[in-house]
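First up is the structure itself, then whatever we jot down about it.
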Amino acid sequence: MTDNGDATPLVQMEGVNKHYGALHVLKDINLTVSRGEVLVVIGPSGGGKSTLCRTINRLETIDGGTIVFDGRELPAEGKALAALRSEVGMVFQSFNLFAHKTIRENVTLGPTRVRKIAKDQADKRAMELLERVGIASQADKYPAQLSGGQQQRVAIARALAMDPKMILFDEPTSALDPEMVQEVLDVMIGLARDGMTMVVVTHEMGFARRAANRVVFMADGQIVEESTPDEFFTNPSTDRAKDFLSKILTH
Ligand SMILES: Nc1ncnc2c1ncn2[C@@H]1O[C@H](COP(=O)(O)OP(=O)(O)OP(=O)(O)O)[C@@H](O)[C@H]1O
Ligand SMILES: [Mg+2]
């Protein structure tokens, strides 16, 4: 939870609709994310999970409904949009680090360029964050010299360096070799414990059970179920969710 104990939700989506041409990808989405909450979004491919995430930091526009972030409707452009982007961190499946910058530079770039923080201060903070995700010793290497799991932990440190109000994770472990998945999930579990507001699209059911406050099951652009992880995994209420769970849990 945030230090001021603000009880208003951090994200409020109401009647959100989104089309790609004739394809209706978000259908009347009503969803709130509380401060300090960990919301896991799961569901079949093409269901709209990534699109949902991307609308929250306005990487995608919407064509109906409203999204309120931290008490204000999402800005359309300009400085307010840049500010929003820095308040909502994003971690993707594909790491997206700058290949020609060192790990340390990857983490200091946002703070120095966007937040105008002095270089030595940004550097100090970067080292603290790299320490926190367990890769301080790799600070002067380039992304290609790190494993996938290490690169994803850098991506998390880079998001944290902007002091975001929340972080969106879109399948952060699906591109990783199996032995590297847990080291990334452990960092995410640590963030959840520290009270970071997180929306996490993932098929990692162990993570969902351990760290999620709430699970949202999305299919065909709709929120089909919304419940606690316990309820969802032991007693899903729709056939659609039962079917999905039986497929992923037997893999
Ligand atoms: N930029 C785009 N232009 C057109 N259609 C798109 C675009 N991005 C996504 N779509 C379509 O919108 C639908 C929802 O896609 P989205 O990526 O949000 O699903 P998802 O639930 O994240 O799927 P996955 O589990 O495969 O990542 C899909 O049918 C997809 O093909
Ligand atoms: Mg996706």
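Ligands are counted one by one from 1 in listed order, and the atoms in each one are counted from 1 as well.
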> When you measure from atom 20 (P) of ligand 1 to each heavy atom in K49, K18, H19, R54, which option holds the nearest one?
Replying inline: K49

>> For atom 19 (O) of ligand 1, what is the closest protein heavy atom, and at what distance to 0.1 Å?
In response: G48 N, 3.2 Å

>> Please enumerate all residues that pass side-chain hydrogen bond (donor to acceptor under 3.5 Å, both in side chains) together with Q12, with sequence neighbours excluded.
In response: none

> Hey, is ligand 1 close enough to V25 that some N/O pair sits below 3.5 Å?
Replying inline: no

> Non-hydrogen atoms of E171 versus ligand 1: any pair closer than 4.0 Å?
Replying inline: yes

>> Quick one about Q138 and K141 (side-chain donor to acceptor, distance below 3.5 Å, no hydrogens or angles considered), yes or no?
In response: yes

> Distance only, no hydrogens: is a donor on one side chain within 3.5 Å (strictly under) of an acceptor on the other, for N96 and S94?
Replying inline: yes

> Quick one: nearest non-hydrogen protein atom to atom 1 (N) of ligand 1, plus distance?
Replying inline: Y20 CE2, 3.6 Å

> Under 2.8 Å from the Mg ion (ligand 2), which protein atoms of type N, O or S occur, listed by chain and number?
Replying inline: S50 OG

>> Polar contacts were defined as any N/O atom of the residue lying under 3.5 Å from an N/O atom of the ligand; does this apply to H203 and ligand 1?
In response: no

> Would you call the rings of H24 and H19 parallel, tilted or perpendicular if under 30° counts as parallel and over 60° as perpendicular?
Replying inline: parallel

> Ion pair present between K247 and D243, side-chain N to carboxylate O less than 4.0 angstrom?
Replying inline: yes

> Got a salt bridge between D220 and K27, using NZ or NE/NH1/NH2 to carboxylate O under 4.0 Å?
Replying inline: no

>> I need the single residue from I103, T102, N106 that forms a side chain to side chain contact (heavy atoms under 4.5 Å, CB included) with Y142. Which is it?
In response: T102

> Does a salt bridge link D163 with R125, judged by any charged N lying under 4.0 Å from a carboxylate O?
Replying inline: yes

> What is the closest protein heavy atom to atom 15 (O) of ligand 1, and at what distance does it sit?
Replying inline: T51 OG1, 3.8 Å

> Which heavy atom of F95 sits nearest a heavy atom of A155, and at what distance?
Replying inline: O-CB, 3.8 Å

> Is D194 salt-bridged to R132, going by a charged N under 4.0 Å from an acidic O?
Replying inline: yes

>> Under 4.0 Å from a heavy atom of L23: which atoms of ligand 1 are those, numbered in the order shown and with their elements?
In response: 11 (C), 12 (O), 29 (O)

>> Can you confirm, on distance only, whether ligand 1 has an N/O atom lying under 3.5 Å from any N/O atom belonging to S45?
In response: yes

>> Could you tell me, atom by atom, which parts of ligand 1 come under 4.0 Å of a heavy atom of S50?
In response: 17 (O), 18 (O), 20 (P), 22 (O), 27 (O)

> Within 4.0 Å of atom 27 (O) of ligand 1 (strictly less), any protein heavy atom?
Replying inline: yes

>> Do the side chains of D170 and R54 get close enough for a salt bridge, i.e. N-O under 4.0 angstrom?
In response: no

